[in-house]
Amino acid sequence: MKIKEFIKIYNMKQLKLYVCCGLLAFSLMCKAQTTTGGDNIDLSGQWRLALDYNNQGLQNEWYKYYSQWDSMSLPGTTDEAKKGRPESKRKYAYRGYAWYEKEVTIPENWRGKRVMFSIERAKGSMVWFDGQYIGCDSTYICEQKFLLSNEAVPGKHKLTVRIYNGNDKKLLPPVSIGHQSNDGTATNWNGMLGKIQLCAYEDIWVDQVQLYPDIDTKTVKVKCVFDGVTDRQWEGTVRLCANLWNAGSQKHTIPEKTFHVKGVSNTDTVREFIYPMGQDVHLWSEWNPALYKLTMSSELKSGEDVMADHRQLNFGMRKFATNGKQFTINGTPTFLRGKHDGQVFPHQGYAPMNVDEWVKILRLLKDWGINHIRCHTWCPPEACFTACDIVGIYMLPELPHWGSVGRKAKVVQGDVEQKLEVYDNTTTYLIGEGRRLLDQFGNHASFVMFEIGNELGGDRQELQKIITGFRAHDPRKLYAAGSNNFLTRPQQQEGDDYWSSTLTGGRYGAGVYTDCEGYEVRASFPQSKFGHMNNYLRGTDYDFSAGNSHSTIPVIGHETGQYQMYPDTSEIHLYTGVTTLNNFIEYQKRLDKAGLGDLSHKYFKASGALAALCYREEIESALRTKDYGGFQLLDLQDFPGQGCALVGVLNAYFKPKGVISQKEWHQFCSEVVPLLRYPEFTLTNNDTFEGRVQVANYSAKSLSKPVNWSIKDGQGNLIDKGSFGLKDIPQGNVFDIATLRYSLDGINHAQKLNITISIEGTEYENTYSIWVYPADAKINEGKVQVFTSFNPKAQEALKKGKKVLILPTPEVLPTSVDGAFQSDFWNYNMFKKYGNVGTMGILTDDEHPVFADFPTEYHSNWQWFRLLRYGRPIDMASLPREYRPMVQVIDNFVLNRKLGVLFEAQVGKGKLMVCSMALQDNMKYPEGKQMYRSILNYMNSKQFNPKQILSVEQIKSIIH
């Protein structure tokens, strides 16, 4: 294409420019390759830089001459080079066109060879060589390759690249981009990342190598694509040799095998070779990530010319498949303990491009029980796949799309706009990018699943057609049209190998995913009135069996968790890279303004403890479900985008927050998890505890071990212990072990008990809590007068110096909000439209004497479930700034309301206690009755002596 023609198209701002150029580059030269077979010249180092703020470079032909170059180091981004302007989350943000130029020297021994320029990762780019336009590429997820002109002769040359990261949708790919380039997670950076190089090829070369392991025949099919630029016949040999390298001290070298090949160079010549791996071949899995390195050497002859090629490729002998509703690896059932990954890398603003850094991250994740990563609308770089191969992590990348597919297009013909039954170029782009991604990364053992994008809509048949095409192109993967597609009306998609969803039928808002209907496959939802975590939970005897029954393929719980916690301002010092934590500073200012600034760290610790509690229940609900596929957390680490969702037990830098230890987390998020199912968290000493003991065994093999139990009090003192004896625990599902029955008649005062189930001789154990209260303890109102509102009688009693307890009903609480047990879902701003209250548990003065007969920690725990879910937190904005309730409900960091459900004060001559925990309704439960008893005992004691003085009018402002 001549440059004048290009400028004409550019000025028309046609989106098809980038789409067509990207597909053209794909079809001609960008068939991805794990390694190249040519000689390479590394182009990392200093490049000239020009930021084209006003978009003048193309018209003014900067690719020919420009006099005001700046400079920066590549690989890297303009953010890292401190080029740009400050924004809320980025210290140096640049958006638009950036020009990069470098003088390159082609060596003499490259004379007559084909020279390729490649960038491992960039945005939409255009390339010139000595001022001559070479081509453009719109991929965000794959390596960009450009075959330079015949003028690439030995000597010095000028290489110019223009990269666009602006917001003009007419100039961007026809997809959402998602987390591939999003300021909410990574940054919308400009620059070049990874390998930037020139590569020399002979007239005929091996353009692509794909490996298809077959564990049944113990062979690997090696598919080679030979290519060239001239019309020449050729023939030669290909030699293959493989050796095991990632299996510790174990060794295995496969004998070399030679194959004869021939073809014509101006057309793609595909040849397939079957390479036997031997009877002692090692299989790759999460438990044994054994990798082979295949060395392929070719020698091709055409006339007098001899062209050699040599490369090495890593691969694993494995088969990731499904069996009914379960996933299998090499025929063995596995359970996906996954995390969502939205490319959260705040330091550099993009994903690491080197293997060592990824290995460090992935080993940390595996230490936290994770064996699977779903990349939400983005594809990580080659280094990540390689590290997943090494560590043993199952990978699911997605195309960068979060929207509709197969929409009807508006076509303008002359002056008439018509709606035609044709699909827009989104489909074309997705197919091209998907095949390109599969070709570049498809050899990786860890790359086991693939889907189009997140929460897609549009045409189901079009989605199925795309997936069917991908499966035909690369049968090594499992495929799904998307994650949580058609989220308001979820249905199993025909042709999908698995189903990632929040529901398995019905629709949002219809109430079909309740405890009765059983459609849910995760525990929490944006609407706080739905999901079992906040509404139906009483004990641990809950799973997703009913929801799982609505599917015929493996179900994965989509984006499970999303339990918000308060910001930890101590993280601010970590942000020494390209992004800032200014929002945390702002949140602290808001809390200070509300008069609660001194509680920031306590809020963080208490809300974090609740979030960890909720994550445990979420994960165990999945593990308790027989024949379940797995879950994908959102997330193990914080998510700074979409209004800032602090939902991780790790921060954005993968550092533990301290809300739960790795050892505690590993009890319920591991390959083997002992489980205890019981219907109620709160009991009396007239009860006999009864719990069903199970073990979810998704390790590599079956176990035969004694299963033991112990009961300790809240101080860690042993009360009793026992054993169920030697138990056979099969691999690959959740299995019943025994029933634990234990009489509680020996518990003579209110206390928390911890019950531990352990598998002898292993690290696998899990601890559960119950709260036991005396059944026959008297409730003595004594001198306390109890009212349900702040009526004249209550006021008169206080005036006379009496003790008054108010248990207000909802209609007399004008400033109260809905109660909730679980922490706020994701973040308040995003989902407040659904009526979420936005609270994050309680901060309790646990040493206050009012709790002498109601054992509690400083944070929410399960004995508080009914009291908080059905109570009414009172907004105390009208009370003195320094006033604190004994049970304070933690508000979200957007509103920062001072909320309380239990507080005391001196009013006139009297003493007042207010409890808005719906005790009238909860008195039929052990914890409600015990809370009432504990409050009365305190009020009738000499310790009841409130320090805070409040007026009658102040009380009237919150209680009618």
Side-chain angles (χ1 to χ4, degrees), residues 515 523 532-542 609-610 613-614 616-617 620-621 675-692 709 711-715 719-720 739-757 766-779 807 819-822 841-842 844 846 850-871 886-887 889 901-902 915-938:
D515 185 43
H532 84 262
M533 181 67 72
N534 198 50
N535 294 280
Y536 313 108
L537 202 59
R538 301 293 181 268
T540 63
D541 196 16
Y542 198 96
L610 172 59
L613 197 74
C614 292
R616 171 179 173 151
E617 169 56 29
E620 290 196 359
S621 291
L675 300 163
L676 182 60
R677 301 181 67 149
Y678 50 97
E680 289 285 349
F681 288 112
T682 56
L683 304 99
T684 72
N685 56 3
N686 279 349
D687 295 321
T688 295
F689 172 83
E690 184 170 309
R692 181 158 52 122
W709 60 271
I711 301 176
K712 296 181 179 180
D713 63 20
Q715 288 71 47
I719 294 176
D720 206 346
T739 298
L740 174 62
R741 294 184 180 89
Y742 190 82
S743 174
L744 301 173
D745 57 4
I747 308 301
N748 53 25
H749 64 277
Q751 61 179 296
K752 172 185 175 182
L753 301 183
N754 293 317
I755 305 172
T756 298
I757 308 297
N766 205 354
T767 300
Y768 294 83
S769 297
I770 59 173
W771 288 261
V772 183
Y773 307 113
D776 57 356
K778 303 298 182 182
I779 293 180
L807 306 178
F821 176 76
Q822 78 170 52
I842 55 175
T844 300
D846 55 319
V850 73
F851 301 116
D853 297 306
F854 190 86
T856 185
E857 299 96 341
Y858 66 91
H859 55 81
S860 300
N861 215 325
W862 294 116
Q863 84 274 30
W864 288 93
F865 182 91
R866 296 184 181 96
L867 303 176
L868 298 178
R869 175 63 184 88
Y870 304 111
M886 293 99 81
V887 180
V889 175
V901 290
L902 183 67
C915 178
S916 58
M917 300 182 206
L919 287 187
Q920 297 93 324
D921 297 326
N922 284 319
M923 210 77 77
K924 57 188 175 185
Y925 302 112
E927 68 272 28
K929 187 176 182 181
Q930 188 66 25
M931 174 62 77
Y932 188 47
R933 179 186 298 124
S934 191
I935 290 173
L936 289 173
N937 288 347
Y938 165 66

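Atom set for the values below is all heavy atoms of this structure, side chains included, hydrogens, waters and symmetry mates excluded.
Here Asn922 contributes atom CG and Met917 contributes atom CE; the two are 10.0 Å apart, rounded to the nearest 0.5 Å. A distance of 5.5 Å separates CG of Leu676 from OG1 of Thr540, quoted to the nearest 0.5 Å. Between the CG atom in Asp921 and the CG atom in Leu867 there is a gap of 11.0 Å [rounded to 0.5 Å]. Atom CG of Leu919 sits about 13.0 Å away from atom NZ of Lys929, to the nearest 0.5 Å.
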Met931/Trp864 under side chain to side chain contact (heavy atoms under 4.5 Å, CB included): CA gap, chis, key distance, verdict: CA-CA 10 Å; Met931 174 62 77; Trp864 288 93; 3.5 Å; yes
Criterion side chain to side chain donor-acceptor pair (under 3.5 Å) on Thr684 and Asn686, from CA distance to verdict: CA-CA 5 Å; Thr684 72; Asn686 279 349; 4.8 Å; no
Apply the test side chain to side chain donor-acceptor pair (under 3.5 Å) to residues Asn766 and Arg616: give CA-CA distance (whole Å), side-chain angles for both, the deciding distance (0.1 Å), then the verdict. CA-CA 11 Å; Asn766 205 354; Arg616 171 179 173 151; 3.1 Å; yes
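Side chains of Ile935 and Val850 form a contact here, defined as non-hydrogen atoms less than 4.5 Å apart. Between Thr856 and Asn861 the shortest side-chain heavy-atom distance does not fall below 4.5 Å. Using a 4.5 Å cut-off on side-chain heavy atoms (C-beta onward), Ile755 and Ile770 make contact. Side-chain contact between Glu690 and Leu740 is absent, with no heavy-atom pair separated by less than 4.5 Å. Residues Thr844 and His859 fail the side-chain proximity criterion, which asks for heavy atoms closer than 4.5 Å. The closest side-chain heavy-atom distance from Gln863 to Tyr773 is below 4.5 Å. In this structure, Ser860 and Leu613 have side chains that are not in contact, with every pair of non-hydrogen atoms separated by 4.5 Å or more. The closest side-chain heavy-atom distance from Ile842 to Tyr858 is not below 4.5 Å.
Residues forming a side chain to side chain donor-acceptor pair (under 3.5 Å) with Asn754 (at least two apart in sequence, or on another chain): Ser769. Applying the ring-ring contact (aromatic ring centres under 6.0 Å, His included) criterion to Trp771, with sequence neighbours excluded, gives no partner residue. Taking Ser934 as the reference, Asp853, Phe854 meet the side chain to side chain contact (heavy atoms under 4.5 Å, CB included) condition, with sequence neighbours excluded. For Ala852, there are no side chain to side chain contact (heavy atoms under 4.5 Å, CB included) partners two or more places apart in sequence or in a different chain. Residues satisfying the side chain to side chain donor-acceptor pair (under 3.5 Å) test with Ser621, not counting sequence neighbours, are His532, Glu617, Arg624. By the ring-ring contact (aromatic ring centres under 6.0 Å, His included) test, Phe865 pairs with Phe821, sequence neighbours left out. For Thr767, the side chain to side chain donor-acceptor pair (under 3.5 Å) test picks out Thr756, with sequence neighbours left out. For Asp720, the side chain to side chain donor-acceptor pair (under 3.5 Å) partners are Tyr742, not counting sequence neighbours. Residues passing the ring-ring contact (aromatic ring centres under 6.0 Å, His included) test with Tyr768, sequence neighbours excluded: none. With sequence neighbours excluded, no residue forms a ring-ring contact (aromatic ring centres under 6.0 Å, His included) with Tyr870. For the side chain to side chain contact (heavy atoms under 4.5 Å, CB included) test, residues two or more places apart in sequence or in another chain that qualify with Ala777 are Pro774, Arg933.
Within the structure, the salt bridge (Lys or Arg N to Asp or Glu O under 4.0 Å) test picks out the following pairs touching residues 856-867 (sequence neighbours left out): Glu680-Arg866, Lys752-Glu857, Arg866-Glu927.
A donor-acceptor contact closer than 3.5 angstrom links the side chains of Asp745 and Ser743.
Between Gly928 and Met923, the shortest heavy-atom distance links the atoms O-SD, 3.9 Å. When all heavy atoms are compared, the tightest approach of Val772 to Asn685 is CG1-N, 3.8 Å.
Looking at Asn534, its side chain does come within 3.5 Å of a backbone N or O of Gln822 through a donor-acceptor pair. Here the side chain of Gln920 pairs a donor or acceptor atom with the backbone of Leu807 at under 3.5 angstrom.
Between Phe689 and Tyr678, a ring centre-to-centre spacing shorter than 6.0 Å is recorded.
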